[in-house]
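Right, one structure below, let's go through it.
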There are 2 protein chains.
Amino acid sequence: MERQEQLIAVVRDLFNKLAWLNKFKMEDSLKGHTPSEVHAIEYIGKHADSNVTKLAESFYMTRSAISKMTKKLLEKELIESYQKDGNKKEIYFRLTEQGNAVNQIHEDLHEEFRKRDQAVFEQITKEQFDGMISLMERYSRHLDAEIKQQGIDAKSE
Amino acid sequence: MERQEQLIAVVRDLFNKLAWLNKFKMEDSLKGHTPSEVHAIEYIGKHADSNVTKLAESFYMTRSAISKMTKKLLEKELIESYQKDGNKKEIYFRLTEQGNAVNQIHEDLHEEFRKRDQAVFEQITKEQFDGMISLMERYSRHLDAEIKQQGIDAKSE
DNA sequence: GCCATTTTGTTTCCTAGTCAACAAAAATTG
DNA sequence: CAATTTTTGTTGACTAGGAAACAAAATGGC
């Protein structure tokens with residue numbers, strides 16, 4: 001197999017596995033919320049003035065899907081919406097107290113995962129780490145250029 | 001942000017982007033087949049005696065989902081099923097001629113993607129490459145151990 | 001200012017995938 | 001061997017998300 005394909009295949013498999021394993025813990029601690037919902041809560045917690053469009057672009061999902069999801073989060077009172085003076089179109093989100101609580105649980109879980117996998121990451125040298133990050137970023141920019149060239153509009157975050 | 005989280009975030013974003021971009025080309029050339037179906041065709045093409053269970057384990061999907069998918073592939077006559085003497089339970093799949101054709105288109109597309117992104121990968125030295133692969137494999141084994149310890153049954157391929 | 005275009009968000013219809021319950025065959029236990 | 005347990009595959013009910021059509025607001029060109 002080409003090294004390129006090999007690397008992508010290995011990474012993909014690893015990510016599937018990681019997501020699959022973490023899902024169990026997540027479902028345990030965050031019952032009643034889908035991974036996507038939790039992900040959205042995390043995003044809204046981190047970014048001021050989040051709205052449907054920004055979430056959609058960041059998650060590579062349709063606005064349709066996000067609109068439905070945020071509706072649920074509003075009903076569950078995990079987020080609340082607000083608008084700005086002089087703009088009746090855009091609707092922004094922020095976390096409620098309950099949303100913050102969920103976000104906290106999620107962060108704690110992440111910390112747990114981090115500790116669980118720490119040993120693996122400790123073996124990486126700074127050079128290796130920086131090399132990998134810069135490769136990813138280079139690849140990402142390359143794809144951005146491709147996307148732009150294809151005339152597809154993406155605006156990845 | 002922790003380097004560990006940073007790396008995971010960057011990879012996740014990159015993969016979303018890559019999948020999203022490739023989807024357009026895929027949809028163009030392989031209209032009528034979902035990415036999952038194409039993925040299954042690829043798998044069946046590569047592995048002799050594929051069955052529902054093996055596909056499910058490899059894709060981290062439920063047997064239920066795979067069962068429905070293979071049913072569709074059978075109806076479209078892209079795959080065919082067979083059994084072995086003395087085993088009335090397990091049902092295996094192989095590609096039909098049509099399935100092979102689809103697989104070929106898919107491979108050609110992959111080749112196209114490979115060329116498109118070649119420049120990015122060319123800059124990686126052998127040491128870097130090997131280091132990354134071995135890191136992924138180490139991480140994968142670490143997760144396997146975790147999965148085993150959790151008593152979840154996985155048998156990742 | 002006014003009209004066309006773009007942006008933002010929602011809704012309806014549809015599909016892919018999960019979960020749970022199941023049947024049939026195989027494997028295990030005694 | 002018989003009885004229990006596990007494995008394999010399928011089905012039906014349900015949900016998350018995509019596609020398309022849409023309304024309302026904002027923006028841009030003139």
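Since the structure is predicted, the reported quantities are computational estimates derived from the model, not experimental observations.
- Between the side chain of A:Ser58 and the backbone N or O of A:Leu55, no donor-acceptor pair lies under 3.5 Å.
- Distances shorter than 4.0 Å separate none of the side-chain N or O atoms of A:Ser67 from OP1 or OP2 on C:dG9.
- The stretch residues 81-93 of chain A touches DNA chain C through A:Lys89, A:Glu90, A:Ile91, each having a heavy atom under 4.0 angstrom from the strand.
- For A:Glu77, the CD atom is loosely surrounded, since the number of other residues' heavy atoms within 6.0 Å does not exceed 12.
- Listed by chain and number, the residues in a ring pair (Phe, Tyr, Trp, His ring centres under 6.0 Å) with B:His142 amount to none (sequence neighbours excluded).
- In this structure, NZ of B:Lys54 is placed 14 Å from C1' of D:dG9, rounded to the nearest angstrom.
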>> side chain to side chain contact (heavy atoms under 4.5 Å, CB included) for B:Arg94 and B:Ile79? Distances and angles first, verdict last.
In response: CA-CA 6 Å; B:Arg94 66 166 85 92; B:Ile79 63 175; over 6 Å; no
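- Counted by atom type alone, A:Tyr139 and A:Glu137 present zero donor-acceptor pairs between their side chains at under 3.5 Å.
- Between B:Met69 and B:Glu37 the shortest side-chain heavy-atom distance falls below 4.5 Å.
- A donor-acceptor contact closer than 3.5 angstrom is absent between the side chains of B:Asn100 and B:Gln104.
- Among all heavy-atom pairs drawn from B:Gln118 and A:Gln4, the shortest one is CA-OE1, 3.8 Å.
- The ring pair (Phe, Tyr, Trp, His ring centres under 6.0 Å) search around B:His39 returns B:Phe59, not counting sequence neighbours.
- As rounded to whole Å, 13 Å separates atom C1' of C:dT8 from atom CG of A:Leu55.
- Counting to the nearest Å, the P atom of C:dT11 and the CD1 atom of A:Ile66 are 15 Å from each other.
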>> I'd like to compare against my own output: the B/S/- annotation of nucleotides 12-17 of chain C with a strict under-4.0 Å heavy-atom distance to protein.
In response: BB--SS
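- Between its two ends, the helix from C:dG1-D:dC30 to C:dG30-D:dC1 turns its axis by 40°, counting five pairs per end and rounding to 10 degrees.
- Looking only at side-chain heavy atoms (C-beta outward), B:Phe15 and A:Ile8 come within less than 4.5 Å of each other.
- What separates OH of A:Tyr60 from P of D:dG18 is a distance of 14 Å, to the nearest Å.
- B:His33 pairs by the ring pair (Phe, Tyr, Trp, His ring centres under 6.0 Å) definition with nothing, not counting sequence neighbours.
- Straight-line distance from the NZ atom of A:Lys31 to the C1' atom of D:dT15: 16 Å, rounded to whole Å.
- Atom pair A:Lys71:NZ and D:dA16:P shows a separation of 13 Å (rounding to whole Å applied).
- Distances shorter than 4.0 Å separate some side-chain N or O of A:Asn51 from OP1 or OP2 on C:dG9.
- Going from atom CZ of B:Phe59 over to atom P of C:dT18 covers 12 Å, rounded to whole Å.
- Atom-to-atom, CD of B:Glu75 to C1' of D:dT10 comes out at 13 Å; the value is rounded to the nearest Å.
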